[in-house]
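Residue numbers start from 1 in every chain, and the chains themselves are labelled A, B, ... in the order their sequence lines are given, proteins ahead of strands.
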Amino acid sequence: MEQGFNSDSNAPSAPIDKSRVYDVKPLRSLVPVFPNTPGMSSISTPNPTPFVCVPPSGPFPAGVQPFYPFMVSNGSQPTMTRNHSANTGFNSGIPDPVPLNSFRTPTPQANGGSSRAKRAYKTSGSASVVIEDDGYSDAQDQSDQYASGFGTHVTDADDASNSGKKRRGRPKRRVVGNGAEIDVESVANNILTLFKLKEFDEIRKANGDKDTTATVLLVYDLIRRTLTQLEEASDNTPGGARRPDLKSSNLLMTKGVRTNNLKRTGHVPGVDVGDIFFFRMELCLVGLHAPSMAGIDYMSVKVTVSEDPVAVSIVSSGGYDDDDGDDTNVLIYSGQGGVQRRDGQMFDQKLERGNLALEKSLHRGNDVRVIRGIKDTSNAPGKIYVYDGVYKIHESWAEKNKSGLNVFKYKLIRQPGQPEAYSLWKSIQQWRDGTAGRPGLIIPDLTSGAETQPVALVNDTDGEKGPAHFTYVASLKYSQPFSASKPFSGCRCLGGCQPGDSSCPCNQRNDGLLPYSSAGVLLTTKPVIHECGQSCQSPPNCRNRISQAGVKFRLEVFKTKNRGWGLRSWDPIRAGSFICEYAGDIVKVTASDFENANDDNYIFDAGRYYEPLERVYDSNSSKKAPFPLVISAKSNGNVSRFMNHSCSPNVFWQPVLRESNSGVCLHIAFFAIHHIPPMQELVYNYGIPTEADRGKKKCLCGSVKCRGHFY
DNA sequence: GTCTAATCAAAGGA
DNA sequence: CTCCTTTGATTAGA
């Protein structure tokens with residue numbers, strides 16, 4: 001098969017006219033960067049096939065070409081024909097497909113990094129807006145005040161332009177509780193230094209891969225969470241929201257820690273269909289969808305002499321009256337505009353910008369990425385964005401809305417052969433609310449109510465009826481404390497521990513900063529986390545009791561293809577979320593116990609050697625835990641005993657200390673390394689085997705980084 | 001080059 | 001839970 005340019009290559013034998021296929025090709029701002037020949041420009045190549053997207057899905061080893069290893073046969077035919085007819089029907093007045101060479105305009109870096117690099121942290125533009133609207137001017141002043149309140153990050157240029165503008169109204173002071181100012185820049189720099197990302201290389205900026213996107217998102221999350229934490233701790237201004245999501249992404253954008261920074265149609269390397277995101281800016285950082293707010297992303301393409309906009313991606317998140325019908329492969333998308341954001345005033349939509357781009361893409365027949373915004377039920381006002389793969393636009397029309405105003409509508413149909421994404425969410429929703437049964441269900445809740453959430457036992461793979469018998473216990477039980485010493489007294493936080501409360505002993509024990517965000521997400525990893533204990537007066541829902549509160553996600557134990565039973569979640573899991581602790585029996589490390597432990601497949605041993613987890617903040621020192629703890633979950637255990645090993649884990653463990661009456665107990669808590677989409681198996685690294693044990697357990701994790709065996 | 005308008009955001013409070 | 005206010009970033013296009 002010829003080198004695929006783009007997702008069109010996934011239908012090699014489909015009877016589509018070639019001109020249309022070529023038509024979708026290398027767009028003007030697609031500038032391939034080749035790891036092996038960095039200086040080469042594709043523009044001068046006679047045969048410009050090089051734009052090969054890394055397969056977006058699956059753990060394909062390096063060097064695999066197929067874009068998608070599936071499909072070709074079913075369903076694609078009728079889709080194509082319909083598409084074709086739709087196009088010809090609408091073709092009047094639109095330029096015909098352009099020959100390939102017209103795309104090779106030698107203006108590659110037009111919107112490249114150079115202009116961006118000069119962008120200041122905070123534009124001075126907002127200050128000059130402050131003329132028209134009195135109601136608005138105050139807010140603008142406030143924002144300026146805020147920006148300069150951070151001091152160090154404001155560039156000289158900004159200071160100059162700000163001071164040149166006259167401030168109107170009463171300047172509002174930013175009150176800072178601790179007297180400590182948050183230095184956003186240095187927070188970010190520290191984290192970037194830690195991850196050795198001060199210089200993010202151009203190759204990774206231009207084209208992502210799984211590792212790069214994961215790194216960018218991780219660092220984004222770290223900076224965002226750290227800012228959240230610092231602002232929570234120091235900020236008592238009303239109205240609280242200081243948008244750490246935007247600030248941290250802005251920092252990364254200006255520092256060039258981003259990937260797929262040039263627009264392109266089709267899949268984006270390093271992002272799989274089904275991947276989930278929790279902020280719009282995350283889409284931006286990985287190059288999936290550039291605008292920070294707008295729902296339609298487009299780029300312009302040179303057509304002979306003029307330029308045409310072409311849609312590359314859309315976000316459908318219910319802002320307009322999109323049709324979310326039963327068929328998850330179809331999306332009726334509303335055009336943009338027609339509503340004044342400030343005052344809600346409405347008018348006709350116009351065929352310009354994104355709307356025009358969608359119209360052009362209809363005739364062009366190019367792939368359009370679709371990101372579905374879904375309400376996050378676990379996190380009230382929040383939203384989760386699911387990359388639902390590529391669609392093609394099949395129809396467009398204009399209709400009148402309730403107010404009789406013009407609205408454009410676009411009918412998009414999902415390209416066949418892509419992994420389940422949005423449809424999977426719909427299925428899960430049905431399993432949950434009972435409108436559809438979970439296929440292969442053996443037991444609805446194998447914990448028999450021991451957890452607050454039921455844990456289904458499922459086998460849709462083979463005939464096995466369940467794992468060997470064990471007793472479900474929700475937590476690790478100590479017969480005697482890990483350490484009898486009680487070095488601290490409990491807190492008196494009746495309303496739960498609060499960040500910034502320096503008198504709270506829990507804050508103090510955790511180096512002055514609570515380990516969890518208000519949403520219960522782990523902020524930074526540490527050698528040990530000190531949670532509230534028995535003598536603390538904080539309520540059970542205190543944010544410093546996250547690992548004691550039990551499993552919050554809807555998990556299921558399922559039969560894997562070749563690795564026995566495994567664990568996965570119906571719910572999406574945000575990076576840093578607590579998943580479960582390792583429950584079981586403490587194994588005393590005597591010679592005989594150790595022998596028994598060796599044929600126990602349900603051992604957790606903190607004393608093993610663990611590779612430093614590059615993905616996790618501050619874990620670079622955790623080669624070996626500074627304490628002995630061996631847990632067996634063979635006869636007593638919880639969901640954790642089903643978590644398999646992987647050399648590319650999505651879960652890591654973290655020691656947690658909880659004090660009880662008799663002393664201090666150490667627990668092992670599992671947290672998500674990155675965002676985990678529903679139904680993706682939860683796996684962690686079991687540790688590196690000693691020489692003696694090497695080769696005993698063959699690893700089947702399938703990761704590119706697989707070391708072949710595990711402990 | 002600069003600048004601004006347009007945009008299916010996110011959080012918190014009422 | 002919905003609505004409203006506040007604080008906002010990115011990019012296309014002027």
Side-chain angles (χ1 to χ4, degrees), chain A residues 29 110-111 114-116 118-132 135-136 138-147 157 161 172 174 224 228 231-232 235 237-254 258 261-263 277-285 287 289-300 307 309 312-322 324 331 333-344 349-350 352-357 370-377 379-385 407 517-519:
Chain A
S29 42
N111 58 349
S114 55
S115 64
R116 187 171 288 113
K118 285 189 187 160
R119 270 184 48 87
Y121 171 75
K122 171 94 169 67
T123 61
S124 55
S126 56
S128 57
V129 181
V130 190
I131 313 166
E132 335 272 306
Y136 200 53
D138 232 27
Q140 291 293 349
D141 277 349
Q142 197 180 348
S143 89
D144 280 349
Q145 185 70 31
Y146 173 66
S161 70
K172 289 180 186 168
R174 179 178 152 76
R224 187 184 55 76
T228 308
E231 293 194 356
E232 262 188 327
D235 192 1
T237 50
R242 296 301 182 196
R243 302 309 302 267
D245 57 325
L246 298 184
K247 264 183 235 155
S248 42
S249 74
N250 177 261
L251 273 159
L252 292 183
M253 297 289 271
T254 53
R258 58 183 300 189
N261 65 342
L262 298 179
K263 292 190 181 186
F277 304 88
F278 287 77
F279 292 92
R280 277 291 297 262
M281 296 315 298
E282 292 182 335
L283 305 177
C284 188
L285 287 166
H289 186 85
S292 58
M293 299 178 79
I296 306 168
D297 191 8
Y298 60 99
M299 61 195 277
S300 71
E307 294 212 336
V312 297
S313 63
I314 58 172
V315 175
S316 166
S317 50
Y320 290 83
D321 204 12
D322 293 344
D324 191 41
L331 172 64
Y333 191 79
S334 302
Q336 64 188 186
V339 56
Q340 183 78 260
R341 266 179 45 83
R342 276 257 291 296
D343 50 20
Q349 289 189 347
K350 295 196 205 87
E352 57 184 24
R353 302 170 186 277
N355 299 345
L356 182 60
V370 170
I371 297 111
R372 304 261 195 170
I374 300 173
K375 253 182 275 175
D376 184 357
T377 46
N379 193 12
K383 230 176 250 176
I384 297 175
Y385 299 94
V407 176
S517 78
S518 55

Can A/Tyr333 be said to stack with the base of B/dC8, given centres closer than 5.5 angstrom and planes under 30 degrees apart? yes
Check every atom of B/dT7, C/dT11, C/dA9 against the side chain of A/Ala294 and return the nucleotide holding the closest atom. B/dT7
Could you check if a side-chain atom of A/Asp245 sits within less than 4.5 angstrom of a side-chain atom of A/Arg224, using non-hydrogen atoms only? yes
Hey, are the side chains of A/Leu283 and A/Asp297 touching, using non-hydrogen atoms and a 4.5 Å cut-off? no
Has the side chain of A/Arg243 got a donor or acceptor atom sitting under 3.5 Å from an opposite partner on the base of B/dA9? yes
Sugar-phosphate only, base, or nothing, as touched by A/Gly337 at under 4.0 Å among non-hydrogen atoms: sugar-phosphate
Compare all side-chain heavy atoms of A/Leu331 with those of A/Ser316 and state whether any distance is below 4.5 angstrom. yes
Spacing between A/Lys350 atom NZ and C/dA12 atom P, to the nearest angstrom: 19 Å
For A/Leu283 and B/dC8, what is the distance between atoms CG and C1' respectively, to the nearest whole Å? 12 Å
What is the separation between atom NZ on A/Lys383 and atom P on C/dC1, rounded to the nearest whole Å? 15 Å
Please confirm whether the shortest side-chain N or O distance from A/Lys375 to OP1 or OP2 of B/dC8 is below 4.0 Å. no
Considering Watson-Crick and G-U wobble pairs with both distances under 3.5 Å, what does C/dG8 pair with? none
Contact between A/Tyr320 and A/Gln349 at the side-chain level, heavy atoms closer than 4.5 Å - yes or no? yes
CZ of A/Arg280 versus P of B/dA10: gap in Å, rounded? 7 Å
Just compare C/dA12, C/dG8, B/dC8 and give me whichever is closest to any side-chain atom of A/Met293. C/dG8
Taking for each residue the nucleotide of DNA chain C bearing the nearest heavy atom, is the 5' side occupied by A/Arg353 or by A/Met281? A/Met281
Beyond-backbone contact of A/Ile384 with A/Phe278, side-chain heavy atoms, under 4.5 angstrom: yes
Pairwise side-chain contact, A/Lys350 with A/Asn355, heavy-atom cut-off 4.5 Å (strictly under): no
Whole-Å distance, A/Ile314 CD1 to B/dA9 P, equals 14 Å
Both A/Phe279 and A/Glu352 contact DNA chain B. Which one's nearest nucleotide lies toward the 5' end? A/Glu352
Mate of B/dC8 where both pairing distances stay under 3.5 Å, Watson-Crick or G-U: none
Side-chain N,O (A/Tyr298) to OP1/OP2 (B/dT7) below 4.0 Å: no
Which whole number of Å gives the distance between the C1' atom of C/dA14 and that of B/dG1? 13 Å
Whole-Å distance between B/dA6 P and A/Leu356 CG? 17 Å
The side chain of A/Ser317 is closest to which nucleotide in this list: B/dC8, C/dT7, C/dA9? B/dC8
Separation of the P atoms in C/dT7 and B/dT7, to the nearest angstrom: 23 Å
Would you mind telling me which of C/dA12, B/dT7, C/dA9 lies closest to the side-chain atoms of A/Gln336? B/dT7
Here's a test of your reading of the structure: between A/Leu246 and A/Pro309, which maps to the more 5' nucleotide of DNA chain C? A/Leu246
Just how far, in rounded Å, is P of B/dA10 from CG of A/Asp245? 7 Å
Does A/Asn250 make a side-chain N or O approach to OP1 or OP2 of C/dT10 shorter than 4.0 Å? yes
Whole angstrom is fine here: how far is it from CG in A/Leu262 over to P in C/dA12? 11 Å
